[in-house]
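Step one of this worksheet: look at the structure below.
Along the sequence shown, residues are numbered consecutively beginning with 1.
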Amino acid sequence: MSYLTIDGSQGEGGGQVLRTALTLSILTQQCVELINIRAGRKKAGLLRQHLTCVLAAQEICGATTEGVELGSTRILFSPGQVKSGDYHYAIGTAGSTVLVCQTIFPVLALAKGNSTITFEGGTHNGMSPSLSFFEHSFLPLLKSMGVNGVVNIFSLGFYPAGGGKWQIKIEPTNKLAPIYLTEAGCNFAKLSQNCSVQALVSLLPENIGQREVDTAKKILNWPDALSEVQSVVTTGPGNSLQLGIKTDTHRNIFELVGELGVSAERVAKRAAGRVNKFIHAEAAVEEHLADQLLVPIALAGVGSFTTTKPSLHTTTNIEVIKLVLGVEIQTKQLSDVLWKVYLEK
């Protein structure tokens, strides 16, 4: 049996290499050997979140594996045939359920039948795309590519307590349609009509969220923005500030999770700084969404978008996609602050 060796220490050296490799291994039926898994992190190897990603990928296709255990820095993964259906994955920590979902979502999005997956663990931890981002920014674009994913939330889970539980129902497609997101998609001169400011607060004073909302609106000069402070019930305390910009095709979400010892005003200032960078570039896709769209575009075979300077996360993902699929997603700098990311036939 021939294995394609993928070095997990390349680029940003984190879990992205593992997740993309697993997704594409299943879709191409290519056996992979992953070495130096998460070598670029303080604690290398498979943590619970990453172990759950591998186990989920293994279950949906009946893969044969070797070395799949906590702390492992090398695994073998031999995929089998994909089985749509009902699945349930519990991380056991506040690790990102969204990243587990994004490992298997592209596979089940191209499966032969509908699937329902239930996840338990973290939903908003600040170090990965949140469930809010996944539902309101990523999924609408996937719908335009032909895949319908409907989210049902039972409870949210902030770091470090976790305790989130949610479900997604996936209606697949035979082939993903391409997307072309090269124009900004909204009038930046009248942005206040297309923006929103929301703070989620759990087991903390509600005025924390209100201060975040008020500060962000003031910095961004969004007096007419739709704003809300939402109290949610979670296992442990948590706070998430989400600044949204609605375009003709999707919503760009700029999120910052509150941290102990960081003031509400500081959280709002950081989030607003990301928004101003995006507005200045007049890009179509914000940095984190750009990273998440790479695999769908590669599977569609063609597509493009504009974004701010690609992150190391993004460039690493591009390299893994090239290694497994043999297709090269290109990046082209259009100005000091704007890049085009594209795949041509």
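Taking 4.5 Å as the limit, some side-chain heavy atom of Thr315 sits within range of a side-chain heavy atom of Leu312. Between Leu241 and Phe254, the closest side-chain pair of non-hydrogen atoms is not below 4.5 Å. Looking at Ser240 and Glu255, their side chains come closer than 4.5 Å, going by heavy atoms from C-beta outward. The closest side-chain heavy-atom distance from Thr64 to Leu76 is not below 4.5 Å. Contact annotation: the side chain of Arg74 approaches that of Glu66 to within less than 4.5 Å [non-hydrogen atoms, C-beta and beyond]. Side-chain contact between Leu46 and Ile37 is present, with at least one heavy-atom pair separated by less than 4.5 Å. Taking the side chain as every heavy atom from C-beta outward, Val341 and Ile329 approach each other to under 4.5 Å. Taking 4.5 Å as the limit, some side-chain heavy atom of Glu212 sits within range of a side-chain heavy atom of Ile208.
A side-chain donor-acceptor contact under 3.5 Å links Arg38 to the backbone of Lys43. Distance alone, capped at 3.5 Å, is enough to place a donor-acceptor pair between the Gln29 side chain and the Gly80 backbone. Proximity of a side-chain donor or acceptor of Glu12 to a complementary backbone N or O of Gly14 within less than 3.5 Å is detected. A donor-acceptor pair under 3.5 Å is formed between the side chain of Thr123 and the backbone N or O of Gly157. Under a 3.5 Å cut-off, the side chain of Ser72 and the backbone N or O of Val68 do not form any donor-acceptor pair. In this structure a side-chain-to-backbone donor-acceptor pair under 3.5 Å is present from Asn239 to Leu200. Between the side chain of Thr173 and the backbone N or O of Leu176, no donor-acceptor pair lies under 3.5 Å. Although no hydrogens or angles enter the test, the distance criterion places a donor-acceptor pair under 3.5 Å between the side chain of Gln10 and the main chain of Asp7. In this structure, the side chain of Ser155 engages the main chain of Lys165 through a donor-acceptor pair within 3.5 Å. Checked by atom type and distance alone, the side chain of Thr103 pairs as donor or acceptor with a backbone atom of Leu99 at under 3.5 Å.
Summarising the local packing, CD of Gln81 is surrounded by 12 or fewer heavy atoms from other residues, nucleotides or ligands at distances under 6.0 Å. Heavy-atom contacts from other residues, nucleotides or ligands closer than 6.0 Å to NE2 of His88 number more than 12. Counting heavy-atom neighbours within 6.0 Å of Lys269 NZ, excluding the residue itself, gives a total of 12 or less. Other residues, nucleotides and ligands place no more than 12 heavy atoms under 6.0 Å from the CZ atom of Arg48.
Note on Val232 and Val197: separate hydrophobic clusters, where clusters join Ile, Leu, Val, Met, Phe, Trp and Tyr whose side-chain heavy atoms are under 4.5 Å apart, directly or indirectly.
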Practice prompt. Give the C-alpha distance, both sets of side-chain angles, the deciding distance and a yes or no for side-chain contact (heavy atoms from CB on, under 4.5 Å) between Thr20 and Thr23.
Written response: CA-CA 5 Å; Thr20 298; Thr23 301; 5.7 Å; no

Next item on the list: Let me see the working for Glu33 and Thr5 under side chain to side chain donor-acceptor pair (under 3.5 Å), right down to the final yes or no.
Entry: CA-CA 5 Å; Glu33 176 192 27; Thr5 300; 2.8 Å; yes

Verdict with supporting geometry, Leu131 and Leu156, side-chain contact (heavy atoms from CB on, under 4.5 Å):
CA-CA 8 Å; Leu131 182 54; Leu156 299 181; 4.3 Å; yes

Might you work through the side chain to side chain donor-acceptor pair (under 3.5 Å) test for Ser132 and Gln242, ending with a clear yes or no?
-> CA-CA 9 Å; Ser132 300; Gln242 298 166 17; 3.1 Å; yes

Report task. Would you please test Gln292 and Gln102 for side chain to side chain donor-acceptor pair (under 3.5 Å) and show each step? Result -> CA-CA 9 Å; Gln292 302 300 322; Gln102 289 193 326; 3.2 Å; yes

TODO: Could you please spell out the steps behind the side-chain contact (heavy atoms from CB on, under 4.5 Å) verdict for Cys61 and Lys83?
DONE: CA-CA 6 Å; Cys61 72; Lys83 304 183 292 282; 5.9 Å; no

Please walk me through it: do Tyr89 and Thr118 pass side-chain contact (heavy atoms from CB on, under 4.5 Å)? CA-CA 6 Å; Tyr89 302 109; Thr118 304; over 6 Å; no

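When the side-chain hydrogen bond (donor to acceptor under 3.5 Å, both in side chains) test is applied to Arg270, no partner is found at least two apart in sequence or on another chain.
Residue pairs meeting the ring-ring contact (aromatic ring centres under 6.0 Å, His included) criterion with at least one partner in residues 157-178, sequence neighbours excluded, are Phe119-Trp166, His124-Phe158, Phe134-Trp166.
Counted by atom type alone, Thr331 and Gln333 present zero donor-acceptor pairs between their side chains at under 3.5 Å. A side-chain donor from one of Gln198 and Gln230 sits under 3.5 Å from a side-chain acceptor of the other. Between the side chains of Ser196 and Arg251, at least one donor N or O sits under 3.5 Å from an acceptor N or O.
Tested against Glu286, the residues Lys309, Arg274, Lys277 include a single salt bridge (Lys or Arg N to Asp or Glu O under 4.0 Å) partner, Arg274.
Atom CD of Gln58 and atom CD1 of Ile26 lie 10.0 Å apart (nearest 0.5 Å). Here the CG-CG distance, from Leu22 to Leu34, works out to 6.0 Å after rounding to the nearest 0.5 Å. To the nearest 0.5 Å, atom OG1 of residue Thr97 and atom CD1 of residue Ile91 are 5.5 Å apart.
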Please set out all donor-acceptor pairs under 3.5 angstrom arising from side-chain atoms of residues 293-308, sequence neighbours excluded.
unit_1 : atom_1 : unit_2 : atom_2 : d
Thr306 : OG1    : Thr182 : O      : 3.3
Thr306 : OG1    : Ala284 : N      : 3.1
Thr307 : OG1    : Val285 : O      : 2.8

